[in-house]
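A note on names: the letters A, B, ... follow the listed sequences, proteins ahead of strands, and every chain is numbered from 1.
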There are 2 protein chains.
Amino acid sequence: MTTTQSNVRVNSVDITKHASTDDALCLENQVCFSLYSAANAMVRAYRPLLDKLDLTYPQYLVMLVLWEEQGINVKTLGDKLFLDSGTLTPLLKRLEAKGLVTRGRSEQDERVRVLALTPAGFTLKTLASEVPHLMRCKVGGEASELKALKAICDQTLKQLQASADAPTASDI
Amino acid sequence: MTTTQSNVRVNSVDITKHASTDDALCLENQVCFSLYSAANAMVRAYRPLLDKLDLTYPQYLVMLVLWEEQGINVKTLGDKLFLDSGTLTPLLKRLEAKGLVTRGRSEQDERVRVLALTPAGFTLKTLASEVPHLMRCKVGGEASELKALKAICDQTLKQLQASADAPTASDI
DNA sequence: TTAATTTTGGTTGTGCGCAATTCAATTGTG
DNA sequence: CACAATTGAATTGCGCACAACCAAAATTAA
């Protein structure tokens, strides 16, 4: 079932179960708005926790990656976080200015920035260790619900990336 | 079940099913990161559709509200969209500059801005009417899944707003 | 009625997010 | 080797998000 061409089936569903224009343009019916608002609220909720680490949420994400694996470059980091160099370069400079990260150069390829933690950056992991639990309390809900949320978000991201590469008829 | 003090139960779950610090700080395990990435991808996917209307996604959200109901003020709009005046004021000025929206003043209360559509703003609704369907195709997935996604996002937003008002022990 | 408080919106400053562009380093090809 | 194409990162410019702060108007209290 789920292996058939999804878009075609979706189209047919939208045609058979056709909602009026007013219904479709109604804010209350918009999944994307719920996703957008929940994501904003999530970043907002992280703020007081991350203020104690002097990190923003995107900076925290970069630190999560570097606590797992050092010596990676900006491209790899961007692939993991789904962010590009226009976002990461200034962010990494800020982390460097705070003394948490070093931005070296690869010897094999002079273009490549090699990212690593300073001792202070590594130490910050201890302070960060309580953040997930505190955030978990704020979010609430059943573990199974959150697992389902993660699964649908991951699936949606994947699908959106796929439809970004193979665009609409107007491009042909 | 769902009416009991949620945080307490969540705490106990976190204690009994305790994950290691490394597991908790692992990017792969972070629901919030999935939510954040999916929301970013969603805004990105809207962009080519909304470019045809010369709107950004937040601007589109404001237009959705105004297509439903005119004559509202900035506060009410912000309550509906979960955005504050720092975000909305410049955004509304841009919509005004595009000739889509008027920012009048209430006669009863000189502070309140009364937002309304220009004829061009109202007409844009016709052009926007195909956006939901096109976006629905990009997102893919079963209708039931998206309904579930919306429900969990709405619930999460509500919970995060609640825990923002009644903060942690460190504030006492 | 004055004084204190609340409400509404605006301003400023910081940090993303991303499209578009640029640039230098590397790789591929004849 | 020359030279075109590719790649990794940086830069520029715009539009959010939001905290912090401010001013004016309205409401309430004294």
A:Leu83 CG - C:dG15 P separation (whole Å): 16 Å

Tell me what B:Thr56 touches on the nucleic acid: a base, only sugar-phosphate, or nothing, going by heavy atoms under 4.0 Å. sugar-phosphate

Provide, to the nearest angstrom, the distance between the OH atom belonging to A:Tyr46 and the C1' atom belonging to D:dA17. 18 Å

Side chains of B:Thr76 and B:Asp79: donor-acceptor distance under 3.5 Å anywhere? no

Any A:Arg94 side-chain N or O less than 4.0 Å from OP1/OP2 of C:dT14: no

Measure the distance from CG on A:Asp84 to C1' on C:dT21 and round it to the nearest whole Å. 13 Å

So, does A:Lys138 use its side chain to make a donor-acceptor pair with the main chain of A:Ala45 at under 3.5 Å? yes

Does A:Leu95 offer a backbone N or O that forms a donor-acceptor pair with the side chain of A:Gln59 under 3.5 Å? no

Within the pair B:Arg113 and C:dT8, is there a side-chain N or O less than 4.0 Å away from OP1 or OP2? no

By nearest nucleotide on DNA chain D, pick out whichever of A:Val114 and A:Ala41 is the more 5' one. A:Val114

Looking only at side-chain N and O atoms, does A:Glu142 offer a donor or acceptor that is under 3.5 Å from a partner on A:Ser144? no

Think B:Thr87 has a side-chain N or O under 4.0 angstrom from the OP1 or OP2 of D:dA17? no

What contact category does A:Leu88 fall into here, base, sugar-phosphate, or nothing, at under 4.0 angstrom with non-hydrogen atoms? nothing

Closest to the A:Leu91 side chain, choosing from C:dC16, C:dA19, D:dC16: C:dC16

When you check the side-chain N and O atoms of B:Asp84 and B:Thr87, is any donor under 3.5 Å from an acceptor? yes

Short N-O contact, B:Arg113 and B:Glu96, less than 4.0 angstrom: no

Rounded interatomic separation in angstrom, taking CE from A:Met42 and C1' from D:dC18: 15 Å

What is the distance, rounded to the nearest whole Å, between atom NZ of B:Lys93 and atom C1' of D:dC16? 15 Å

Between A:Lys75 and D:dT6, is there a side-chain N or O to OP1/OP2 distance below 4.0 Å? no

Any donor-acceptor pair, under 3.5 Å, between the side chain of B:Ser85 and the base of C:dG10, if you only look at N and O atoms? yes

What nitrogen or oxygen pairs link the protein and nucleotides 23-25 of chain C at under 3.5 Å?
unit_1: C:dA25; atom_1: N3; unit_2: A:Arg111; atom_2: NH1; d: 3.1

Between P on C:dT8 and CZ on B:Arg103, what's the gap in Å once rounded to a whole number? 17 Å

How many whole angstroms separate atom CG of B:Asp51 from atom C1' of D:dC14? 13 Å

Distance-minimising heavy-atom pair for B:Tyr57 and B:Leu50: CA-CD1, 3.6 Å

Between A:Gln59 and B:Arg105, name the one whose nearest nucleotide on DNA chain C is closer to the 5' end. B:Arg105

Check this one for me: any side-chain N or O of A:Arg47 less than 4.0 Å away from OP1 or OP2 of D:dC18? no

By nearest-heavy-atom nucleotide on DNA chain D, the more 5' of B:Glu107 and A:Val43 is A:Val43

Quick one: does any side-chain atom of B:Ser34 pair with a main-chain N or O of A:Cys153 as donor and acceptor, under 3.5 Å? no

Can you tell me the distance, in whole Å, between the CG atom of A:Leu77 and the C1' atom of D:dA10? 15 Å

